[in-house]
Amino acid sequence: MQPETARWLNESRGSFGAAQTRFNDISSMEVTGAGALFMSAEYAVKAVIVERYGFLPPSFKTQHRIVNLSHRIGLWWQLPPYLRAYLADIAPLDPNGLYPRETRPRDPPRTYETLVSSSSNAEWQQRLTTAPRFIEYIER
């Protein structure tokens, strides 16, 4: 494993830890924790990119769409179905995205905060349970 790959994986673990801590501290999820959970997955995907290319190409540095990234690098079809479902589930939680992202008007418009709060604690707990499995899969 290359040093830069290890660095991205370490960032992934750190972001996951921040999300888990945030969830535990307030017994629910909020935007900071949701963003950290998303970034954890993004960093793990970027670790795969570094391992495959030897570095992180500039075109991938600012790319945050984790499902698109995983397709572009061939990772998507290597993932077990439950990890593909996990990535698809957290993809809308991109803290770098612009909201609302809807194709038809909503009243009131959905914001990132309402997107995050629309999930139950059980759904967040499931995501937090799956996140380290995703990181472990990428490490292997």
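All values below were derived from every heavy atom in this structure, side-chain atoms included, with hydrogens, water molecules and symmetry-related copies excluded.
- Formation of a donor-acceptor pair under 3.5 Å by the E123 side chain with backbone atoms of S120 is found in this model.
- Under the 4.5 Å side-chain heavy-atom criterion for ILVMFWY residues, no single connected hydrophobic cluster contains both L93 and I26.
- The closest side-chain heavy-atom distance from Y86 to R133 is not below 4.5 Å.
- Nearest heavy-atom pair across I138 and A44 is CG2-O, 3.5 Å.
- Minimum heavy-atom separation, P58 to F55: CD-CE1, 4.5 Å.
- In this structure, A47 and T5 approach most closely via the heavy-atom pair O-CG2, 3.6 Å.
- Taking both residues in full, the closest heavy atoms of A36 and A18 are given as CB-CB, 4.2 Å, listed atom of the first, atom of the second, then distance.
- Applying the ring pair (Phe, Tyr, Trp, His ring centres under 6.0 Å) rule to pairs touching residues 1-33 yields W8-Y43, sequence neighbours excluded.
- Interatomic distance, L37 CG to R127 CZ, rounded to the nearest 0.5 Å: 8.0 Å.
- For the pair S119 and W124, the tightest heavy-atom approach, listed with the atom from each and the gap, is CB-NE1, 3.3 Å.
- Considering all non-hydrogen atoms of both residues, N121 and M29 come closest at OD1-N, 4.2 Å.
- Panel note: side chain S40, backbone S12; a donor-acceptor pair is recorded below 3.5 Å.
- For R140 and E136, the salt-bridge test fails: no basic side-chain N is under 4.0 Å from an acidic carboxylate O.
- The distance from atom CD of E4 to atom OH of Y53, rounded to the nearest 0.5 Å, is 14.0 Å.
- With L69 as reference, V45 is the one residue of V45, L75, L87 to meet the side-chain contact (heavy atoms from CB on, under 4.5 Å) rule.
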* Carefully, step by step, assess E42 and K46 under the rule salt bridge (Lys or Arg N to Asp or Glu O under 4.0 Å). => CA-CA 6 Å; E42 180 181 329; K46 287 184 176 180; 2.7 Å; yes
* Starting from the C-alpha separation in whole Å, work towards a yes-or-no answer on side-chain hydrogen bond (donor to acceptor under 3.5 Å, both in side chains) for T130 and Q126. => CA-CA 6 Å; T130 306; Q126 179 61 42; 3.2 Å; yes
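- The shortest side-chain heavy-atom distance between R7 and V50 does not fall under the 4.5 Å cut-off.
- Listed by first and then second residue, the side-chain hydrogen bond (donor to acceptor under 3.5 Å, both in side chains) pairs involving residues 17-26 are Q20-N24, R22-E30 (not counting sequence neighbours).
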